[in-house]
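Convention: sequence-line order gives letters A, B, ...; per-chain numbering from 1.
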Protein chains: 2
Amino acid sequence: MSPGRVDDVFAALGDPGRRSLVEAVAGRGSATATELAAELPVTRQAVAKQLATLAEAGLLRATRAGRETRYEVTPAPLEEAVAWMVEVGARWDDRLAALGRSLQQRRS
Amino acid sequence: MSPGRVDDVFAALGDPGRRSLVEAVAGRGSATATELAAELPVTRQAVAKQLATLAEAGLLRATRAGRETRYEVTPAPLEEAVAWMVEVGARWDDRLAALGRSLQQRRS
DNA sequence: GTACCATGCAACCAATTGGTTGCGTATCAC
DNA sequence: GTGATACGCAACCAATTGGTTGCATGGTAC
C-alpha cells in the first residue's frame, strides 16, 4: 500500500473546501476551474489551486482539451484511504472488519 | 450521514502526525500522551494537543483513570468517512461500488 | 505530609496555507 | 487580425496551526 500516497489523500481531503470540490466534480462528471468558481464565492485561481492539489494527491485527473482543462474523479486513491481506515479500525469494529475482508477479496 | 462530523474526521486525519498517532494508539490498544510522546521527537504537550483534536473529531475516546488519561480508538467516525468516500467514488469504480453495497448491507 | 508523577492551561512563535490581485499566454469565434 | 475566453504563474497577505516553554493542579507512593 503506497504510504506517502495515502498521506496526500487525507491531507487533500482534510480541507472542507476541497472536499466539496471533489463532490462537485463527482456530481458533474467533469468540470473546469472556471465552471466551479462561477458558483462559489471564491476566485477562479483559488479553485485552480485546490484542483491542482487534489490532482497532485491523485484524486483528480486533469485533461486539457483546447483552451480548457477538465477535471474528473480518480477513485483509486480513495480505495487506498479506505483500506487504511479499515485496517486501523478493524479490531474495534466488527462491521469494519467484515468490510476489510470484503475489500481484500475484491482486490487483485 | 452526520455532515460536520465527516469534515472533522478528514481534517483530523489530514495531518500526518495525527495519522501516525492514531496508528500508535491502535497498535497499543490504548495509550497516554506521555507514553506516546516518549517515543516521539515532540513535546508531551504537542501530543496532548493532537490527541485532543482527534478526540474532538470523535476518532479517539479519552478516559481519565486516576492521574492518567488513556486514549483509545473509536471506529464509528471512520465508518462514516468510508461511507463518504464510497459514495463519491462509486460511479467510477466498480470495486468501490460493490464495497458500498457491502457497507450498506452491514448497516442497520 | 512530602516528593513525584501525569495532566491541563495559557502565552507565544514560526511555518504553512487558502485566498487575492495582477499579468502574460494560448485558444476559439467572427 | 481582433476581441473575448480559459489558463497558468508569481507575488503578496491574513489566518490557521503545529510546536514550544512555563506554570499551576491533582493524584500516588511512601
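Residue whose closest nucleotide on DNA chain C sits further toward the 5' end, between A/Gly17 and A/Arg67: A/Gly17. For the pair A/Tyr71 and A/Lys49, both in contact range of DNA chain D, the more 5′-proximal nearest nucleotide belongs to A/Tyr71.
B/Trp84 and B/Phe10 have perpendicular rings, their planes meeting at more than 60° on a 0 to 90° scale where under 30° would count as parallel.
Residue-level contact check: B/Arg70 touches neither bases nor backbone, having no heavy atom under 4.0 Å from any strand. Note on B/Thr69: only backbone sugar-phosphate atoms sit closer than 4.0 angstrom, heavy atoms only; bases stay farther off.
A/Ala11 pairs by the side-chain contact (heavy atoms from CB on, under 4.5 Å) definition with nothing, not counting sequence neighbours.
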For residues 45-52 of chain A, dump all side-chain donor-acceptor pairs below 3.5 Å to protein atoms at least two apart in sequence or in another chain.
| unit_1 | atom_1 | unit_2 | atom_2 | d |
| --- | --- | --- | --- | --- |
| A/Gln50 | OE1 | A/Arg18 | NH1 | 3.1 |

- Message: Run B/Leu13 and B/Leu59 through side chain to side chain contact (heavy atoms under 4.5 Å, CB included) and show every step you take.
- Response: CA-CA 9 Å; B/Leu13 259 36; B/Leu59 286 164; 3.2 Å; yes

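Rounding to the nearest 0.5 angstrom, the gap separating the CG atom in B/Leu21 from the CG atom in B/Leu40 is 6.5 Å. The structure places CG of B/Leu54 at 11.0 Å from CG of B/Asp8, a figure rounded to the nearest 0.5 Å.
Shown here for B/Thr74 and B/Gly58, the closest heavy-atom pair between the two residues is CB-O, 3.4 Å. Between A/Glu72 and A/Ser30 the shortest heavy-atom distance is CB-CB, 4.3 Å.
Within 6.0 Å of CD on A/Glu56 lie no more than 12 heavy atoms contributed by other residues, nucleotides or ligands.
In the helix from C/dG1-D/dC30 to C/dC30-D/dG1, the terminal helix axes, each the rotation mapping four pairs' C1' atoms onto the next four within five end pairs, subtend 40°, rounded to 10°.
The stretch residues 53-65 of chain A does not touch DNA chain C, since none of its heavy atoms comes less than 4.0 Å from the strand.
Residues A/Thr69 and A/Thr63 form no side-chain contact, since every pair of their non-hydrogen atoms from C-beta on lies 4.5 Å or further apart.
From the 5' end on, the contacts that DNA chain D makes with chain B at under 4.0 Å to a non-hydrogen atom open and close at D/dG18 to D/dT28.
Atom P of nucleotide C/dG8 and atom CD of B/Gln50 are separated by 14 Å, given to the nearest angstrom. In this structure, CD of A/Glu68 is placed 11 Å from C1' of C/dC28, rounded to the nearest angstrom.
Legend: salt bridge (charged side-chain N to carboxylate O under 4.0 Å, His left out) pairs involving residues 29-48 of chain B, not counting sequence neighbours, sorted by first then second residue: B/Arg28-B/Glu35, B/Arg28-B/Glu39, B/Glu35-B/Arg70.
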